[in-house]
Student: 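My structure is below; once you've seen it, I'll send some questions.
Chain letters run A, B, ... following the sequence lines, proteins first, then strands; residues in each count from 1. Hydrogens, waters and symmetry mates play no part in the numbers below; they use all other heavy atoms, side chains included.
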Amino acid sequence: MSPSAQIYGLMVEFDSPEELLRATAATRRAGYLRMDAYSPYPVDGLSVELGIRGSRLPFVVLIGGILGAATAFFMQIYSMAIDYPLNVGGRPLISWPVFVPITFELLILVAALAAFFGMMYLNGLPCPHHPVFNVDRFCRASQDRFFLCIEATDSKFDRLITAEFLSALTPTGEVMEVPLRSLMGDHA
Amino acid sequence: MENGQLKVWREQEKVPDLLAVPEYIPGGYTASTVSEKISGLVLKRPTGVGWLGGFGLSCLLLAIFGMAVLWLLVFGVGIWGIQIPNCWGFDITNFVWWIGIGHAGTLISAFLLLMHQRWRTSINRIAEAMTIFAVMCAGLFPLLHLGRPWFFYWLLPYPNTMALWPQFRSPLVFDVFAVGTYFTVSLLFWYMGMIPDLATLRDRATSRLPRIAFAALALGWRNSARHWHRYEQAYLLLAGLGTPLVISVHSVVSSDFASSIEPAWHETVFPPYFVAGAIFSGFAMVILLCIPIRHFYRLQEFITIDHLDVMGKLLLATSFLTSYGYLSEQFVSWYGGETAERYVYWWRLFGFEQYASITWFLFFCNTIVPQLLWSRRMRRRVSVLAVVSLLVLVGMWFERYMIITTTLSRDYLPSSWGFFKPTIWDILTFVGSLGIFFTAFLLFARVLPVMSMAETRALLPGAHGPEVGR
C-alpha cells in the first residue's frame, strides 16, 4: 500500500475567506478534483470555485410538493365522493373548492419535509464520524477559520507533491495530514 | 475627525441623526468574538438567580395549567363558562390569540429573508422559538375544547373500524392540517437554522455532557462548502414555502368564523383582517421577548436600538392594517344593511351593560396606543416599546374575545340570546398556558443559542457572505 492510502487527505488552514477562495481557485487550476472547503458560514462564490454545479434539491422539493398536493386532493375526493358520499343540500360530491385549503397545507408540508430531509440525504448527514474531525485544529471550522482539504482519493494526489503544493498557497500554519482513524480515540 | 465632532455635537444638542445608517451588525466584533459571545451564553454563563426565579414562576404557572387540565378531564368542559349559545369562550379566544402570536416568527424568518432584510439575523432565532412554543399552546386549546380530548386522533384521516372520515369540508378540519403543518414547518425551519450553531457549540463545549448532546443534535455538521451549498438552497426553499403558509394558516383559522352564518362572523374581510392581527400581536410578543433578552444577556450590540426601532415601525404598520379591518367591518355592516349584523355591531359599540367597554378598550390598545410609535424618540425608548407591546397583546386578546362572545350571545333570534361569563377554570387554564410558553422559552434561552452565530458571522464586514439574507 502506498502511504497515501492511509490518510484521508491533506488539509490547510486560512484566516480569511479571500485566502480560501484564492487557494480553492488555485487548487482547481492545478487539476485537483476531489477536495472540499470548510468555512464557519457560507462563503459567497466558494461553490463556484469548487466546481459545484446545480443540485437536485429543488427538483426533490417540487416532487414532494406535487405528491403532497395530489395525495391530499385525491384523499378528499375518495373519502367525500366515493367511500362515504354524503348529500349536503344537493351540492356536488366533488366540491373541489373546499378541498383547496387541505391540499395547499399538505403541499407545503410534504415539500418542506422534502427540502429538509432531501438536504440531509444529499449531504450524507447525519454523519457523526468523519476523518476531518480527526484534525485538532478543525474545531475552528465551525467558529472562525477556513480550511481546504485535498482528498487522497484524487488521481493527482501524492503525499509529498500535494503537501508542497498546499504549503505554497501560504496557509496559516503547517500542512496537516487528515488521518483516517482518530489517533486519540476520544472522538468516538 | 469631523464625523466624531458632529456626533458629539449631536449628542450634546440631542439632535437625532436622521441620515445615520442603522446599525444592525455588531461593531468591533469578529467571527471569533461572535462565536465566543453567543456560545458563551450557553456554555459558560452560570445559571443566574434571575433565570431560576423566572423559571420557578413559569413552572408554577405550568403546574396550574396541569391542575386545570386534570380538573377538565375529570369533570368535562362544563367547568368552563361555555354554555349554549356561547359554546366558544376563553378556549377559542386563547387558541386564536396564541396562534396569532406564532405568526411573527415565521414571518420574520421567512418573509424578511426573501426580502433581504439583514436586520432579521439578530432576532430570527428568538422569533422562531416563540412561534414554536406559541403554536404548542395554541394547539392545546381546541383539543381540550373537544370534550373528550383523548379521542383527538379522530380528527385525522386514518383507516378505522368505524369506517368514518373527518368532514373535510369543515374549516375545523382545515385547522388540524393548517396548524399541524405550521408547527412542523416552523420546527424544521428553526432546527435547520440552528444546525451550524449546534456544531459550534459541539466544538466549543469543554465538558462531556454538553459535547455529546450538541454533537448528537448537530448531526455531524462539518461546515463543508458542498453542504453549505445545499443547505442554503434548502433554507431558501423553506422560506419560500413558509411565507404563503403563514398567510394561509390564519386565513384558515378565520374561516372557522367566516364560513359560519353567524352575524358579524360571516364576512369576506376576515382572512386578511385576521392575518394582519396575527402579525401585529406576534411582533408585539417578539419585542416583549427581545427587550429582557438583550438586557440580561448584554446583547445590546447585537439587538441594537435600531432593531427595536424598526420593529416599532412594523408594529405601527400592522396596527394600521388591523385598524383598517375594524373600520371595514363597521362600514360593511352598515352598508350591507342586514338587520342582525347591524344590530350586533351597534351592540358591540354601545351595549355598555355587556361588552362595549371591552370593544373600546381594545380600540384604545390596538389603534390609539400604537400611534405613539410615530415618534422616533418613543420608538427608541425601551420602556415605551415594552408598554405599547404589552397593551397590544392584551388588546389583541380582547379583540378575539369580543369577536367570539358578542356574536354568539346575539344570534338572530332574541330567544337564543345569552351572555358569556368566565369561571375561575377559564382563567386558570389561560394563565397556565402562559406557563407552558415561558417554561419552554426560558429553557430555550438557557440551553440553545439565542442568535444565529453563522448568519451573524456572514454579515460581518469583509466576510464574503452570501447575498441571501443581507
Student: Give the member of A/L57, A/V60, A/L21, A/V88 that has the highest number of heavy-atom pairs under 4.5 Å with chain B.
Tutor: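 Sorted descending by pairs with chain B, the first entry is A/L57.
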
Student: Looking only at heavy atoms, what is the nearest atom pair of A/I108 and B/L241, with distance?
Tutor: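 Heavy-atom minimum between the residues: CD1-O, 3.5 Å.
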
Student: Within the supplied structure, the quantity of interest is the number of heavy atoms (other residues, nucleotides, ligands) at a distance under 6.0 Å from A/E18 CD; does it exceed 12?
Tutor: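 Yes, enclosed.
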
Student: Give me the atom names and distance for the closest heavy-atom approach of A/P40 to B/N223.
Tutor: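 Closest approach of A/P40 to B/N223, heavy atoms only: CA-OD1, 4.2 Å.
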
Student: Between chain A and each of B/T456, B/L188, B/L238, count heavy-atom pairs under 4.5 Å; write down the option with the most.
Tutor: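 Among the listed options, the one with the most contacts to chain A is B/L188.
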
Student: Please look at B/L201 and chain A and tell me whether the side chain, the backbone, both or neither of the residue comes under 4.5 angstrom of a heavy atom of that chain.
Tutor: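 For B/L201, there is no contact with chain A at all, as no heavy atom is under 4.5 Å.
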
Student: Before giving the answer on side-chain contact (heavy atoms from CB on, under 4.5 Å), spell out for A/L125 and B/W221 the whole-Å C-alpha distance, their side-chain angles and the decisive distance to 0.1 Å.
Tutor: CA-CA 7 Å; A/L125 296 173; B/W221 180 259; 3.6 Å; yes

Student: Of the listed residues (B/A454, B/S32, B/A163), which shares the most heavy-atom pairs with chain A below a 4.5 Å separation?
Tutor: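 Heavy-atom pairs under 4.5 Å are most numerous for B/S32.
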
Student: Counting only non-hydrogen atoms closer than 4.5 Å, does A/V132 touch chain B with its backbone (N, CA, C, O), its side chain (CB onward), both, or neither?
Tutor: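 Side chain only.
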
Student: Under 4.5 Å heavy-atom distance to chain A, tell me which part of B/L237 shows up: side chain, backbone, both or neither.
Tutor: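 Side chain only.
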
Student: Using non-hydrogen atoms and a 4.5 Å limit, figure out which bit of A/Y78 sits close to chain B: side chain, backbone, both or neither.
Tutor: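 It is the side chain, since no backbone atom gets that close.
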
Student: Tell me every residue that passes side-chain hydrogen bond (donor to acceptor under 3.5 Å, both in side chains) with B/S259, counting only those two or more places apart in sequence or in another chain.
Tutor: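 B/S259 satisfies side-chain hydrogen bond (donor to acceptor under 3.5 Å, both in side chains) with no residue once adjacent residues are dropped.
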
Student: For chain B, which residues of residues 113-124 of chain A have at least one non-hydrogen atom nearer than 4.5 Å to it?
Tutor: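 Counting heavy atoms that sit under 4.5 Å from chain B, the residues of residues 113-124 of chain A involved are A/L113, A/A115, A/F116, A/M119, A/M120, A/L122, A/N123.
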
Student: Quick check on B/A218 against chain A: is it the side chain, the backbone, both or neither that has a heavy atom closer than 4.5 Å?
Tutor: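 No part of B/A218 comes within 4.5 Å of chain A.
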
Student: Locate the shortest heavy-atom distance separating B/W165 from A/S79; write the atom from each residue and the value.
Tutor: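 That would be CD2-CB, 3.1 Å.
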
Student: Would a distance-only check, ignoring hydrogens and angles, find a side-chain to backbone donor-acceptor pair under 3.5 Å from B/W228 to A/S39?
Tutor: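 Checking the backbone N and O of A/S39 against the side chain of B/W228, a donor-acceptor pair under 3.5 Å is found.
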
Student: Give, as side chain, backbone, both or neither, the part of A/S47 having an atom under 4.5 angstrom from any heavy atom of chain B.
Tutor: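 A/S47 touches chain B through side-chain heavy atoms alone.
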
Student: Have a look at A/S55 and tell me which of B/Q233, B/R230, B/R226, B/H229 forms a side-chain hydrogen bond (donor to acceptor under 3.5 Å, both in side chains) with it.
Tutor: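 That would be B/Q233.
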
Student: Please find the pair of heavy atoms, one from B/R457 and one from A/Y41, that lie closest to each other, and give the distance.
Tutor: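 Residues B/R457 and A/Y41, closest heavy atoms: CB-CD2, 3.4 Å.
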
Student: Tell me, side chain or backbone of B/F189 under 4.5 Å from chain A's heavy atoms, or both, or neither?
Tutor: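 Answer is neither: B/F189 stays 4.5 Å or more from chain A.
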
Student: Where along residues 34-41 of chain B does a heavy atom come under 4.5 Å of chain A, listed by residue number?
Tutor: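 Under the 4.5 Å heavy-atom cut-off, B/S35 qualify.
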
Student: Check this for me: B/F111, atom CZ, are more than 12 non-hydrogen atoms of other residues, nucleotides or ligands nearer than 6.0 Å?
Tutor: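 Atom CZ in B/F111 is not packed in, count stays at 12 or less.
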
Student: Between A/F147 and chain B, which part of the residue has a heavy atom less than 4.5 Å away: side chain, backbone, both or neither?
Tutor: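 For A/F147, there is no contact with chain B at all, as no heavy atom is under 4.5 Å.
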
Student: Please state whether the side chain, the backbone, both or neither of A/P42 comes within less than 4.5 Å of a heavy atom of chain B.
Tutor: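 The answer is both parts of A/P42.
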
Student: Mind checking which of residues 23-37 of chain A sit less than 4.5 Å from chain B, heavy atom to heavy atom?
Tutor: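 Within residues 23-37 of chain A, near chain B: A/L33, A/M35, A/D36, A/A37.
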
Student: So which residue, B/V173, B/I195, B/T33, B/T181, ends up with the most heavy-atom pairs under 4.5 Å with chain A?
Tutor: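 Top option by heavy-atom pairs under 4.5 Å: B/T181.
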
Student: Might you point out which heavy atoms bring A/A112 and B/V185 nearest each other, and give the distance in Å?
Tutor: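 What the structure gives for the nearest pair is CB-CG2, 3.7 Å.
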
Student: Which of the residues B/S224, B/A234, B/A31, B/G242 is involved in the greatest number of heavy-atom pairs with chain A at under 4.5 angstrom?
Tutor: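 Among B/S224, B/A234, B/A31, B/G242, the one with the most close pairs to chain A is B/S224.
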
Student: Can you see which heavy atom on B/R222 is nearest to which on A/C127, and at what distance?
Tutor: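 What the structure gives for the nearest pair is NH1-SG, 3.7 Å.
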
Student: Given side chains that start at C-beta, do those of B/D203 and A/R140 come closer than 4.5 Å, heavy atoms only?
Tutor: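 Heavy-atom side-chain distance check fails, nothing below 4.5 Å.
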
Student: Is it the case that more than 12 heavy atoms not belonging to B/H266 sit under 6.0 Å from its NE2 atom?
Tutor: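 For B/H266, atom NE2 is not crowded (no more than 12 foreign heavy atoms under 6.0 Å).
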
Student: Please classify the contact of B/P244 with chain A as side chain, backbone, both or neither, using a heavy-atom distance under 4.5 Å.
Tutor: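 It is both, since atoms from each part get that close.
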
Student: Output the option from A/L86, A/L106, A/I52 having the highest count of non-hydrogen pairs under 4.5 Å with chain B.
Tutor: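 So the answer, after comparing A/L86, A/L106, A/I52, is A/I52.
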
Student: Is it the side chain or the backbone of A/P97 that comes within 4.5 Å of chain B heavy atoms, both, or neither?
Tutor: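 Contact with chain B is absent: no heavy atom of A/P97 under 4.5 Å.
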
Student: Using non-hydrogen atoms only, which part of B/A215 is less than 4.5 Å away from chain A: side chain, backbone, both, or neither?
Tutor: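 No part of B/A215 comes within 4.5 Å of chain A.
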
Student: Are A/V98 and B/F168 close enough that some pair of their side-chain heavy atoms sits under 4.5 Å apart?
Tutor: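 No, every pair of side-chain atoms sits at 4.5 Å or beyond.
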
Student: Please report the C-alpha distance between A/D144 and B/T30 in whole Å, then the side-chain angles of each, then the deciding distance to 0.1 Å, and finally whether the side-chain contact (heavy atoms from CB on, under 4.5 Å) criterion is met.
Tutor: CA-CA 8 Å; A/D144 51 359; B/T30 64; over 6 Å; no

Student: Kindly say whether A/Q143 contributes a backbone atom to a donor-acceptor pair with the side chain of B/T200 at under 3.5 angstrom?
Tutor: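 No, the answer is negative, given that no donor and acceptor are paired below the 3.5 Å cut-off.
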
